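These numbers come from a predicted model, not from an experiment. Every heavy atom of this structure was used, including side-chain atoms; hydrogens, water molecules and symmetry mates were not. Letters A, B, ... mirror the listed sequences (proteins, then strands); counts begin at 1.
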Number of protein chains: 2
Amino acid sequence: MPEKSTGSKIIGAAEELFYEHGLRSVSVDMIAERAGVTKRTLYYHFDSKDDLIEAYLQARDNPTIERYRTWLGAADRPMPDRIRHLFSCLAEYAGQPNWRGCGFTRAAIELIDMPGHPAVIMAADHKKRFEAWLARAFEEAGTAGPALLGQQVVTLIEGAIAQILVHRDVSYARVAGQAAALLVAAASTGDIATGEATTRHGTARQKEAV
Amino acid sequence: MPEKSTGSKIIGAAEELFYEHGLRSVSVDMIAERAGVTKRTLYYHFDSKDDLIEAYLQARDNPTIERYRTWLGAADRPMPDRIRHLFSCLAEYAGQPNWRGCGFTRAAIELIDMPGHPAVIMAADHKKRFEAWLARAFEEAGTAGPALLGQQVVTLIEGAIAQILVHRDVSYARVAGQAAALLVAAASTGDIATGEATTRHGTARQKEAV
DNA sequence: GTCTATAATGAGATAGAC
DNA sequence: GTCTATCTCATTATAGAC
């Protein structure tokens, strides 16, 4: 098999460093050193640091969505269970010591004063595609209101990630998973969780545990 | 009334700039200029930029929680309605052109490679107190499982803020509010939204609208 | 307490040889 | 394509006068 190309070595180094320490804290020098090349070589392969940032997110795009696809699992189980499983996997994944939240959201925040930055655009696009994938999974499972449910569940995922990051407490993934499963279950019974009506006569029930 | 002190002028400038552009993008020079003092004067009042960052978050702490307290409103209405109202207010607030998400979460992310930074500690502490306040409100309203519900609702708030920030679309606050109201309503009926049991026999219902 | 002026450092990016 | 060496600029922080 072929030697790893210089370009991909640089991207690999950028991935590790940007994700672990953030975009602004990591210098081009650090990336070059980690990649085992000089800065001049790095600039031969990439035009600028912004270019590297873009490549970093690009490299994470597909793997991230595929990871969630695996977590959701096949359609041979009820959707609420699959969703709970997804959040359960997230909890385990986020418990790893080198986990640092969502690289896309973090990029959007770090580059908040550069709305036109390619990485910011890419982050929004990535999240839209992720939401669309999830909504589609709901649709295929015959869940009512798949688009709305997609919005709600990605919001729970996003919130759980932020809370885990701030508190270093993965339990937020589990409680978010319970919430998501309840929403999905409510929709699965044929109801649509939207609108402004009161829900006080709802009777969604979950057995007590944990 | 007394003239605004130099110290508070500096903090005011730091607040505006840090919140709008982020911690790393804003230089001490910019803050000094905005405050109408020289850099030397700034360093007379604050030891370092990190010190300024801390003061910036400190200044936002109480106002932020009070804002949510107002949004939740008095206890003269059913809790699901109050929660929906809170998210509705968030949607309107986040629609303002100078809104930039949660300063605490953003600080935690920008300073992700400095886990011991005072601002990072303060962010976690702020969010814990916020969650405790919300859980207490549920408790006072007699809702079952107030602590769990507090976790779930803050997770929805956090997620909605992140999504709005990335997509510049306040509708995430509304759908998150619907989800939160449903969770609260489910708990209000005496159920506790926890555990691992399937929820497929739940029948929480919300009228379709919007 | 506030000013002008200046360190001291680290960053992104480039020159030109091989 | 990769190297050594350097440029240019922004940034945090400080010196010393008034």
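Partner of L149(B) under the side chain to side chain contact (heavy atoms under 4.5 Å, CB included) criterion, chosen from L183(B), L134(B), V154(B): L183(B). Partner of R168(A) under the side chain to side chain contact (heavy atoms under 4.5 Å, CB included) criterion, out of L165(A), I164(A), V166(A): L165(A) alone. Among R84(B), H85(B), R77(B), the single residue meeting the side chain to side chain donor-acceptor pair (under 3.5 Å) criterion with D81(B) is R84(B).
To the nearest angstrom, C1' of dT12(D) lies 12 Å from CZ of F18(B). To the nearest angstrom, P of dT14(D) lies 15 Å from CZ of F46(B). Atom-to-atom, NE2 of H21(A) to C1' of dG10(C) comes out at 17 Å; the value is rounded to the nearest Å. Distance, L42(B) CG to dT14(D) C1': 13 Å, rounded to whole Å. Atom CG of D47(A) and atom C1' of dT14(C) are 13 Å apart (whole Å). Protein atom OH of Y44(B) is 16 Å distant from nucleotide atom C1' of dA17(D), rounded to whole Å. Counting to the nearest Å, the P atom of dA11(C) and the CD atom of E33(A) are 11 Å from each other. Straight-line distance from the CG atom of L23(B) to the P atom of dT12(D): 11 Å, rounded to whole Å.
Side-chain proximity of K49(A) to dA13(C), dC3(C), dT4(D): nearest is dA13(C). Out of dT6(C), dC3(C), dT2(D), the shortest distance to the side chain of K39(B) is found at dT6(C). Considering only the side chain of D29(B), dT12(D) comes nearest among dA13(D), dC3(C), dT12(D). Distances from the side chain of R40(B) to the nucleotides dT4(D), dG12(C), dT14(D) place dT14(D) closest.
Contact check, T41(B) against dG1(C): no side-chain N or O comes under 4.0 Å of OP1 or OP2. Residue T38(B) places none of its side-chain N or O atoms closer than 4.0 Å to OP1 or OP2 of dT2(C). For the OP1/OP2 pair of dA13(C) and a distance below 4.0 Å, the side-chain nitrogens and oxygens of Y43(A) include at least one atom meeting the criterion. The shortest distance between the side-chain N/O atoms of T6(B) and the OP1/OP2 oxygens of dT2(C) is below 4.0 Å.
Checked for salt-bridge contact, K127(B) and E131(B) miss the test: no charged N lies under 4.0 Å from a carboxylate O.
Nucleotides of DNA chain D nearest to D50(B) and H45(A) differ in position, and the one nearer the 5' end is that of H45(A).
Looking only at distances, a side-chain donor or acceptor of K49(A) sits under 3.5 Å from a matching main-chain atom of L23(A).
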